[in-house]
Visitor: 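The structure follows.
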Amino acid sequence: PNTPGKFIVWFRNETTLLVLWQPPYPAGIYTHYKVSIEPPDALGSVLYVQKEGEPPGPAQAAFKGLVPGRAYNISVQTMSEDEISLPTTAQYRTVPLRPMNVTFDKKSITENSFKVMWEAPKGTSEFDKYQVSLSTSRRQQAVLRNDNENMAWLEFKENLDPGKTYQVVVKTVSGKVTSWPASGDVTLKPLPVKQLQSSTDSKTGIITISWKPDEVSTQDEYRISYHELETNNGDSSTMSTNQTSFALETLLPGRNYSVTVQALSRKMESNETVIFVVTRPSSPIIEDLKSIREGLNISWKSDVNSKQDKYEVTYTRNDTNDGKTVLTTESRLVFTNLYPGAGYEVKVFAVSHGLRSEPHSYFQAVYPNPPRNMTIEKVTSNSVLVHWKPPERSEFTEYSIRYRTESEKQWIRLPSVKATEADVTDMTPGEKYTIQVNTVSYGVESPNPQQVNQTVRPNPVSNIAPLVDSNNITLEFPRPEGRVETYIIHWWPTEQPDQVSMKNFTETNTILPYPGTLSDDEKVVEEPPLVRLLIGDLMSGVMYNFKIQTISYGLTSDLTKLQTRTMPLIQSEVVIVNNMHTRDTVTLSYTPTPQQSSKFDLYRFSLGDPSIPDKEKLANDTDRKVTFTGLTPGRLYNITVWTVSGKVSSQPIQRQDRMFPDPITMLEATGINDTWIALKWDIPKGEYTSFEVQYLMNDSHYVQNYTVNNHITITDLKPHRNYTITVVVRSGTESSVLRVSLPISANFQTKEALPGRMDKFAPIDIQPSEITFEWSLPPNEQNGIIRQFTITYGLDGSQHTQVKDFRPNELRGSIKGLQPGKSYVFRIQAKTAIGYGPEHIWKQKMPILAPPKPETQVVPTEVGSSATTIEIRFRKHYFSDQNGVVTTYTIIIAEDDSKNASGLEMPSWRDVQSYSVWPPYQVIEPYYPFKNSSVEDFTIGTENCDAKKTGYCNGPLKSGTTYKVKVRAFTAPDKFTDTAYSYPIRTGKFVQ
């Protein structure tokens with residue numbers, strides 16, 4: 001056959017070659033292609049491919065399991081039976097395995113060179129060399145394979161930019177076939193920064209560093225680090241930025257720092273560029289600058305974060321500009337030999353590494369020398385003029401004057417003066433003063449002031465108000481302004497000037513009013529506090545003379561004089577007489593006050609009413625009764641009694657009493673209903689507070705109502721009742737002398753109303769068609785005269801009702817003609833002339849009982865019989881529906897009627913077959929025969945019971961046997977009654 005056409009590799013990888021070829025042209029005759037590979041590494045090295053299609057199309061074959069990178073010779077031939085064409089051959093290679101783990105030697109990476117390393121492929125693979133290239137360049141470099149080493153490497157040195165990132169691609173090559181690539185990224189070191197310099201902000205002192213990157217270098221950020229020199233564990237830090245300047249805000253003051261900057265390109269660091277910076281120390285703070293004699297004592301402190309080598313301290317005198325500078329390592333210094341009173345400006349600098357801090361300056365004066373020869377020139381009642389000489393050899397700016405009193409240790413400062421004399425005015429009477437004068441220089445006073453003492457005479461007492469009692473007098477007056485140590489008082493009876501008494505009161509023992517007694521309005525006006533001096537052991541009702549002086553620091557005030565009388569005593573008992581019947585008169589009886597206990601002229605009586613004049617009785621009057629007439633009934637009077645000496649009254653005896661009020665004269669009803677009565681009455685003369693209305697609600701409930709009006713409506717009463725209502729006039733209250741008038745009463749009756757609800761309504765006897773109730777209505781619910789009781793009844797749920805009335809004296813009654821087994825609703829109501837009262841409801845379901853027993857002669861009758869059957873007849877009227885409707889019937893037959901036949905569960909025909917003489921048994925299941933007639937004929941013994949296995953069966957009777965029959969009627973499945981047994985009925989005999 002003809003040789004196949006051209007063929008190509010359609011797909012290849014490391015272990016597979018898929019070849020595709022054209023059919024021969026012209027095609028000729030052939031059936032298969034034979035495809036073979038050499039060397040025969042494949043899983044199938046010779047393949048036979050069937051020709052497909054006519055004319056045939058291209059065909060293909062796949063060789064799997066080959067060695068990666070190996071060269072293979074593939075030939076294709078056509079076959080026709082045993083004949084094989086000449087081959088078409090070609091050589092192809094599989095893809096070699098890729099290299100592994102492309103890495104870079106960190107030590108070899110510089111600004112413009114690096115060394116790349118990789119591992120030979122893992123597994124069997126044939127290849128000739130490695131092909132290495134950069135992703136940025138098309139140039140490819142070859143590295144020959146070395147079978148003895150697993151690692152291979154190549155160094156790049158040309159045309160590389162500092163700081164740039166390169167991707168290196170490595171492949172294995174077999175012939176012209178390359179493997180899949182293995183790659184790695186490498187970043188070159190950037191070039192160090194240039195022109196690194198520092199600058200300091202003159203206002204804030206912050207150091208800012210700046211630099212320029214190398215133009216040919218690539219970098220994405222800069223790393224700045226600093227550390228303190230001259231110490232092992234000093235301040236250091238590292239930070240990053242993408243700017244070309246950075247403010248070093250965290251440097252500590254007074255330090256020498258080494259600062260380095262590196263350019264970074266993808267975390268690859270350039271070489272360091274270094275600069276040295278020195279920070280200024282912080283300004284010290286003057287803690288204390290004290291004046292001393294002819295000098296200054298100064299101390300200061302520095303910031304804990306600042307370091308300094310020493311301090312520089314200067315002072316300058318402000319008026320001559322003389323100055324001096326001192327260097328020290330201490331934090332305190334004393335300047336001596338300075339001029340007294342001169343002012344100096346002191347500055348303190350911290351010095352570190354040759355840099356001075358900002359100064360802290362302070363102005364302070366030296367102590368001036370004191371003034372001389374201080375004297376008092378002139379004295380008035382409340383002021384003095386003091387005089388002195390200026391100091392020797394001292395600067396000063398002014399004189400200060402201050403004073404204090406002996407009692408108040410607080411100094412009071414007067415305005416400063418330039419002259420050598422000053423007035424001290426508004427001095428407090430009675431006070432002892434210390435007055436000081438001193439020189440002052442720029443606020444600094446001399447340590448040795450000059451001083452003098454002066455005492456002012458105290459003020460006399462004025463505006464005395466005597467507070468008079470029976471045995472003592474309290475002298476009350478505004479406290480004299482100023483200081484008072486003691487009050488001296490002399491006193492004597494005016495009629496006996498030789499009986500002089502004296503008493504001293506110290507200021508601390510006088511009685512001042514409690515400040516809390518003043519109202520807010522009184523506190524606004526600052527009045528001097530009141531002094532109260534108590535003079536005791538005086539005679540009642542006597543006139544006395546007084547003279548008073550004040551003393552302070554041994555100086556006395558002018559005299560103050562006064563004349564006043566003590567209050568007389570009253571020791572009488574007063575009895576008040578008044579009663580209900582004389583309501584406008586009151587009589588006062590009193591006992592006498594003894595003359596030896598008090599001096600007085602007369603008794604005075606008052607009722608506290610301006611329209612009723614006071615009454616007086618002489619001290620020696622023996623008629624000790626006083627009667628006041630024309631008083632107002634019901635009014636409260638304040639009764640007061642005094643004794644009087646001169647024009648001074650004693651303490652009063654006070655009593656309160658109220659006159660009895662007038663009663664009402666008329667009580668009438670303005671309206672009466674079944675539950676309320678409206679009343680009205682006249683208003684009494686005189687005064688009253690309220691009216692009390694009293695009545696009995698029931699035997700145990702007494703009601704009192706109060707009203708201020710002359711009418712009232714009493715509610716919540718019971719209908720058709722007699723009430724006695726009483727009205728009493730009240731004057732006053734329980735807390736202010738209560739008096740009540742005579743009572744006035746009247747009788748009233750309320751109208752009739754609807755009766756109340758029955759308190760009892762219940763059946764006492766229940767039959768299937770009849771019910772007997774008993775009921776009662778309490779007397780207090782009758783609300784009138786009961787006319788009748790009415791029971792309304794009907795089936796539960798039905799609109800149709802019936803009514804039965806009962807006489808008012810009947811409390812029991814029956815209702816007949818009800819249907820057994822039905823539910824009824826019974827409602828009872830009482831009736832008065834007004835109408836019916838509320839219903840009392842009873843629901844009752846009527847019982848169902850067994851039907852009444854028929855007469856003994858009512859029995860089923862014989863109609864006919866055969867050898868195995870008996871036909872009987874019974875009628876519907878045998879049983880009454882009085883105890884419930886008869887629902888079903890059944891028949892009981894017995895050969896031996898002496899056996900019990902009254903049970904609900906009766907034997908069946910099948911049960912009695914084992915007996916020789918049949919006991920009573922039930923013939924059929926209960927049924928109802930009287931649907932269309934009132935007579936039922938029933939044949940006993942008609943069924944074949946072999947087929948019927950359960951229940952009752954009407955089986956055949958025995959021939960020639962006598963039976964008795966009775967009928968059973970049911971009103972419910974468990975309620976039944978039997979007739980008496982019938983006359984004996986005999987079955988026929990079988991004819992042989």
Side-chain angles (χ1 to χ4, degrees), residues 580 583 633-634 660-733 738-761 775-790 792 805-811 827-840:
M580 275 191 180
R583 295 183 286 273
F660 283 94
D662 276 0
I664 64 170
T665 60
M666 172 271 295
L667 175 62
E668 64 183 14
T670 57
I672 297 181
N673 203 328
D674 55 344
T675 60
W676 55 262
I677 300 175
L679 298 173
K680 181 182 173 186
W681 55 88
D682 61 324
I683 291 178
K685 288 186 299 180
E687 293 185 2
Y688 66 93
T689 307
S690 61
F691 300 99
E692 182 179 341
V693 182
Q694 309 165 350
Y695 58 94
L696 270 175
M697 180 70 90
N698 53 44
D699 293 343
S700 60
H701 188 186
Y702 176 67
V703 180
Q704 292 168 287
N705 282 344
Y706 298 94
T707 178
V708 295
N709 302 313
N710 67 327
H711 54 84
I712 192 170
T713 300
I714 300 173
T715 57
D716 296 330
L717 301 178
K718 292 292 183 182
H720 200 61
R721 293 284 170 80
N722 284 325
Y723 289 94
T724 298
I725 298 174
T726 303
V727 177
V728 175
V729 182
R730 291 163 57 95
S731 185
T733 62
L738 176 64
R739 292 277 187 263
V740 296
S741 73
L742 295 167
I744 300 294
S745 300
N747 288 331
F748 303 95
Q749 186 181 44
T750 50
K751 301 271 183 75
E752 277 194 82
L754 297 176
R757 191 170 178 272
M758 302 284 185
D759 69 334
K760 177 182 168 190
F761 177 53
W775 58 86
S776 68
L777 179 64
N780 62 351
E781 292 288 340
Q782 292 183 1
N783 299 344
I785 299 167
I786 299 298
R787 306 300 173 98
Q788 65 185 50
F789 296 106
T790 300
T792 306
D805 293 335
F806 298 91
R807 290 193 302 279
N809 58 353
E810 287 185 293
L811 298 177
R827 295 177 170 85
I828 191 165
Q829 294 168 282
K831 184 180 181 184
T832 64
I834 307 300
Y836 283 105
E839 297 176 337
H840 192 131

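If you read the sequence from its start, that first residue is 1, and numbering goes on from there. Only this structure's heavy atoms are used, side chains among them; waters, hydrogens and symmetry mates stay out. Quick caveat, the model's predicted, so the values are computed rather than measured.
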Visitor: So do T832 and Q782 actually touch side chain to side chain, heavy atoms under 4.5 Å?
Guide: no

Visitor: Using the test side chain to side chain donor-acceptor pair (under 3.5 Å), find all partners of K760 that sit at least two apart in sequence or belong to another chain.
Guide: E774

Visitor: Please report the C-alpha distance between I725 and V693 in whole Å, then the side-chain angles of each, then the deciding distance to 0.1 Å, and finally whether the side chain to side chain contact (heavy atoms under 4.5 Å, CB included) criterion is met.
Guide: CA-CA 7 Å; I725 298 174; V693 182; 3.7 Å; yes

Visitor: Is any side-chain heavy atom of P684 less than 4.5 Å from a side-chain heavy atom of F691?
Guide: yes

Visitor: Please, which pairs that meet salt bridge (charged side-chain N to carboxylate O under 4.0 Å, His left out) have at least one residue in residues 710-722, sequence neighbours excluded?
Guide: none

Visitor: Listed by chain and number, what are the ring-ring contact (aromatic ring centres under 6.0 Å, His included) partners of H720, not counting sequence neighbours?
Guide: none

Visitor: To the nearest 0.5 Å, how far apart are CE in M697 and OH in Y702?
Guide: 13.0 Å

Visitor: Between atom CZ of R739 and atom OG of S731, what is the distance when rounded to the nearest 0.5 Å?
Guide: 9.5 Å

Visitor: Side-chain donor-acceptor contacts of residues 741-749 below 3.5 Å, not counting sequence neighbours, with atom names and distances?
Guide:
| residue | atom | partner | partner atom | Å |
| --- | --- | --- | --- | --- |
| S741 | OG | V729 | N | 3.0 |
| S745 | OG | T726 | OG1 | 2.7 |
| N747 | OD1 | T724 | OG1 | 2.6 |

Visitor: Going through the checks in order, is the side chain to side chain contact (heavy atoms under 4.5 Å, CB included) test met by L717 and Y695?
Guide: CA-CA 11 Å; L717 301 178; Y695 58 94; 3.9 Å; yes

Visitor: Please, which pairs that meet side-chain hydrogen bond (donor to acceptor under 3.5 Å, both in side chains) have at least one residue in residues 704-715, sequence neighbours excluded?
Guide: E692-Q704

Visitor: If you round to the nearest 0.5 Å, how far is CG of D805 from CD of Q829?
Guide: 10.5 Å

Visitor: What pairs of donor and acceptor atoms, side-chain ones from residues 664-679 against any protein atom, are under 3.5 angstrom apart with sequence neighbours left out?
Guide:
| residue | atom | partner | partner atom | Å |
| --- | --- | --- | --- | --- |
| T665 | OG1 | D682 | OD2 | 2.5 |
| T670 | OG1 | A678 | O | 3.3 |

Visitor: Check whether any side-chain heavy atom of L696 lies under 4.5 Å from a side-chain heavy atom of V703, and answer yes or no.
Guide: no

Visitor: How long is the span from the OG1 atom in T689 to the CZ atom in R730, to the nearest 0.5 Å?
Guide: 8.0 Å

Visitor: Answer yes or no on whether R583 is positioned over the face of F660, meaning its NZ or CZ is under 6.0 Å from the six-membered ring centre and within 45° of the axis.
Guide: no

Visitor: Return yes if some donor-acceptor pair links the side-chain N/O of E752 with the main-chain N/O of I785 below 3.5 Å, else return no.
Guide: yes

